[in-house]
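Some notes on the structure that comes next.
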Amino acid sequence: MSDPVGKLPSELDQLPDRDTEETAEWAASLDAVAQAAGTRRAEYLLRRTLQHAEAAGLALPKLLETDYVNTIPTAAEPEFPGDEEMEARITAWNRWNAAAMVTRGSKYGVGGHIATFASAAWLYETGFQHFFRGKEADGSGDQLYIQGHASPGIYARAFLDGRISEQQLDNFRQESGGNGLPSYPHPRRLPWLWEFPTVSMGLGPLSAIYQARFNRYLQNRSIKDTANSHVWAFLGDGEMDEPESTAALALASREQLDNLTFVINCNLQRLDGPVRANFRVVQELEAQFRGAGWNVIKSLWGSAWDELFQLDTTGALVRRLREVPDAQFQTYATRDVAYIRQHFFGANADLVQLAGVLSDAKIAECFHSSRGGHEPRKVYAAYKAALEHKGAPTVILAQTVKGYTLGAGFESKNANHQMKKLTIDEFKDMRDLLGLPIPDSAFADGQVPYGHPGANSPEVQYLNERRAALGGPAPARKVKHVALPAPADRSFAPLLKGSGKQEMATTMAFVRLVKDLMRDKETGKRWVPIVPDEARTFGMESLFPSAGIYSPLGQTYEPVDRDQLMYYKEAKDGQILNEGITEAGAMADFIAACTSYATHGEPMIPFYIFYSMFGWQRTADQMWQLADQLGKGFIVGATAGRTTLTGEGLQHADGHSHLIASTNPASLNYDPAFAYEIAVIVKDGLRRMYGEQPEDVFYYLTVYNEPKVQPAMPEGVEEGILKGLYRFNTAADLAEAAPAADAPKVQLMASGTAIHWILEAQKLLAAEWNVAADVWSATSWGELRREALECDEALLRGEVRTPYVTRALEGVTSPVLAVSDWMRQVPDQISQWVEQDYTSLGTDGFGLSDTREGARRHFGVDAQSIVVAALAQLARRGEVPASAVKEARERYGL
């Protein structure tokens, strides 16, 4: 048999064929089938052969796409263990109250979404009735990532089980009075119900993967038995377009996270219209997940389709389903039977013949409503198969109709995501469809009523019994506070006493501190170092052999540097999470670790260290997710500042992270200048986040890669370090060239590495210009501002409080010059509460590649530039001659 004309070479051409005659026979057989029975029969046989080979465990590439039918045929569905009629009534009440809540709220203009839950109701209810483990059983229960726009349905269920009142339903999206419900899953706003914030689309699936991975991390490190915890992520098909949604699919497969299930509600619609108007999103997602190594279960068609598939003896129906684009199928769901007969079945003679034996009622049922995601038996079969599958995560692609049961005005309409209410007549139609006992008189005031069968009704009893069997209500967030003992002071002592004559960057100081803290007998195992692939940049390689890098497989190879002291060691119980080049993945890991105190009752102490430019700038949305989820831990922006990272240039020169961080209310932001400041801040952070009265905050510290001699901590500065400002020294403390007693004075204030520039400027001012400068370390511009704002708010309540920054500078009559390696808006955060003449220097604009000295001269923040700026301030006040400013500029080459 000759090769086909134009055949491209493949990897098979590189493998020896040990039996060319047998190979030719197989090829001839395939040709014969194609000639005798047609190419479609040949295709079918090949697909079945590949499926058989996969089931037999042969090492062949998997099919990335299967036919557009259910993975689990009706005949293979397991017996449904529940009372279908009872569960249908419970689901009907939840559908009603979800729609009523949003409609009633629309009169206040607060909005809401109805169509998403309407399509996904059975996806949730089947899980709540039969699968989702609660928090009151042994272990941690399951973790549920609820699709944000489905929140009204979850509130409706909590209303049915008595956890939410009718008044709260009426306060949906009206929280300021203190008894309302947040629009979406927000743990900070409703911490007893919601565990995970999910409406920033794309972050939910990413976080779910890393949550499942962190569950295994806790298990493998013998910190918590999480074997019975399963992570369920409910997602929309449109949401899968977000890059974060699929960014970690390979990780989930690589680490065999069979404790994870994605449930993707494939209603074929996103917010404005079809997800894949000219294509088929289900098939695309199947190929994407299968290619990444996931187990894929499709639940597309309801039982009404069984008759159609049985009649499809030629395969014409299956082929037609594979070729119809999503937007056209959406149209079928809204058009009459005549249209469907013409445009769907009229495509070929086989389909015309099939349609001839179908009633109009059967066609309408199939195309208008019968979907796999709307039938509890099919959803149950998919969920059960997902839990039983081992060795890989599972994704369930469940097809639904967006707006299902809401009537013809909602179902499959492009605009239904933005439609906020039903009319009274539409509610009556919905009532009749769902069979709810709500009389017409209940609408007498023109308002749609809530419905409840009664606290002692069979529906509520059944619901409560099912939840009790599964471990209590869900979703639910339960926190059992476990205070961690404070680490021994000896861990902090080396930084407090300084480095002597040795130079040490503050990045290294922080890493050394954590290394010592990880040796603590009580809390050392709870530290979770997280780094996105640049541990060596931050001097963390010393942790590799001692703490180990986490890998569920351990180390299956001999590392190339095994003969070195600090070799690359992976271990199943490794402590370090080295995530590769993925800041988003590292942040997702960080969030899982930061919230372990709530999710698992096991407080962990994560620190996530990264190139400072690639933290807040790249993953600020996840920082908000962290705050919303009430996470606790240390974010460390290493190689901080715009001028300390020499040579790297614009994209690596960070001058704005502190400004972005200042927008997050839960982030306590510090820019320490010295190693001892880091020790004080970390020690207090451990107390505030993990002590007897824990606060729902996290810390952002910036540390620098510029080696400097680290001084010992002066006495009495701890309060100032934590509040954000203290006087480091005065002009009188200078050992040489102290200015005259009546010399003009200026206050130099700096954070981070800029403290060294003003210390040099202090000496120049004294020695060359007879100006006395005091030096202040501003460890946190943000905390100074936060406390000052609190004082302003207190004033509105009639309470007079003076901000700390104002009190710290009380009695100072000389001007203040603030300097940092950040843009000027960072130190300018405190300007309105500084009563003295205040100005600032900073590194505004884009970064550039140069030496540190060259970059600082470029931005005008080096010691000489600071001297000129200080003289200019004093000249404006008439305290030095104006000629001194001109002379200084010329002397320093400015």
Side-chain angles (χ1 to χ4, degrees), residues 612-613 615-617 620 637 640-645 650 652-664 667 669-673 700 702 704 724-725 746-762 773 775-786 788-789 803 805-806 808-809 814-848 850 852-877 885 889 894:
S612 64
M613 185 72 164
W616 286 92
Q617 172 172 301
R642 186 153 275 161
T643 69
T644 61
L645 188 59
L650 186 152
H652 289 66
D654 185 7
H656 53 279
S657 286
H658 267 285
L659 198 63
I660 304 174
S662 69
T663 65
N664 193 310
S667 180
N669 310 313
Y670 285 89
D671 188 30
Y700 173 52
T702 41
Y704 297 80
L725 182 67
V746 66
Q747 307 297 314
L748 300 180
M749 191 179 292
S751 66
T753 198
I755 198 79
H756 303 289
W757 317 337
I758 67 170
L759 284 170
E760 185 180 350
Q762 180 190 39
V775 168
W776 298 72
S777 178
T779 54
S780 178
W781 310 102
E783 284 306 286
L784 291 172
R785 177 178 176 81
R786 189 193 306 268
L789 288 172
V805 63
T806 306
L809 292 167
S814 50
V816 176
L817 175 60
V819 187
S820 79
D821 207 11
W822 307 93
M823 53 200 307
R824 291 176 62 179
Q825 288 101 313
V826 175
D828 285 351
Q829 291 179 86
I830 66 170
S831 60
Q832 71 186 84
W833 296 283
V834 176
E835 296 178 341
Q836 292 77 11
D837 176 17
Y838 184 89
T839 191
S840 64
L841 297 177
T843 54
D844 290 76
F846 290 110
L848 76 166
D850 210 318
R852 290 186 180 120
E853 294 75 15
R856 287 162 189 169
R857 175 55 60 93
H858 170 80
F859 285 110
V861 292
D862 60 347
Q864 291 79 11
S865 299
I866 293 168
V867 168
V868 173
L871 292 174
Q873 268 187 295
L874 293 171
R876 285 194 296 270
R877 296 161 59 94
V885 182
R889 282 200 299 267
L894 297 178

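Using a 4.5 Å heavy-atom threshold, the side chains of Thr839 and Arg824 count as touching. A heavy-atom distance below 4.5 Å is not found between the side chains of Trp833 and Leu809. Looking at Leu659 and Trp822, their side chains never come closer than 4.5 Å, going by heavy atoms from C-beta outward. A 4.5 Å side-chain heavy-atom check between Phe859 and Leu848 finds at least one atom pair inside the cut-off. Asp844 is listed as a side-chain neighbour of Gln825, based on a closest heavy-atom distance under 4.5 Å. A 4.5 Å side-chain heavy-atom check between Leu817 and Ile866 finds at least one atom pair inside the cut-off. Counting heavy atoms from C-beta on, the side chains of Leu894 and Arg857 come closer than 4.5 Å. Side-chain contact between Tyr670 and Ser751 is absent, with no heavy-atom pair separated by less than 4.5 Å.
Glu835 places no side-chain N or O within donor-acceptor distance of the main-chain N or O of Thr806, the cut-off being under 3.5 Å. The backbone N or O of Val826 lies less than 3.5 Å from a partner atom in the side chain of Gln829, making a donor-acceptor pair.
Between Val885 and Ala875 the shortest heavy-atom distance is CG2-CB, 3.9 Å. Closest of all the heavy-atom pairs between Ser820 and Pro827 is OG-CD, 3.8 Å. Closest non-hydrogen pair, Ile755 versus Ala673, comes out as CG2-CB, 3.5 Å. Nearest heavy atoms, Leu841 versus Ala869: CD1-CB, 3.8 Å. The nearest pair of heavy atoms linking Ala640 to Asp821 is O-OD2, 4.4 Å. Residues Arg642 and Ala653 approach most closely at NE-O, 3.4 Å, considering heavy atoms.
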For the pair Val834 and Met749, evaluate side-chain contact (heavy atoms from CB on, under 4.5 Å) and give the outcome as yes or no after the intermediate values.
-> CA-CA 12 Å; Val834 176; Met749 191 179 292; 5.8 Å; no
Steps toward side-chain contact (heavy atoms from CB on, under 4.5 Å) verdict (Val819, Leu748) = CA-CA 8 Å; Val819 187; Leu748 300 180; 5.9 Å; no
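The 12-atom threshold is exceeded at CD of Gln836, counting heavy atoms of other residues, nucleotides or ligands nearer than 6.0 Å.
For the residue pair Trp616 and Asn664, no side-chain donor N or O sits within less than 3.5 Å of a side-chain acceptor on the partner.
Tested against Thr702 for a side chain to side chain donor-acceptor pair (under 3.5 Å), the candidates Asn669, Asp671, Asp654 yield a single pass: Asp671. Of the residues His858, Glu853, Arg852, Arg856, the one that meets the side chain to side chain donor-acceptor pair (under 3.5 Å) test with Thr643 is Arg856.
Rounded to the nearest 0.5 Å, atoms OG (Ser840) and CE (Met823) are 11.0 Å apart. With rounding to the nearest 0.5 angstrom, the CD atom of Glu760 is 11.5 Å from the CD1 atom of Ile758. Here the OG atom belonging to Ser865 is positioned 11.0 Å from the CZ atom belonging to Arg889, to the nearest 0.5 angstrom. Interatomic distance, Ser780 OG to Arg785 CZ, rounded to the nearest 0.5 Å: 12.0 Å. Atoms CD and CD1, on Glu783 and Ile830 in that order, are 12.5 Å from each other to the nearest 0.5 Å.
Relative ring orientation between Tyr700 and His658 is described as tilted, the plane-to-plane angle lying within the 30° to 60° band.
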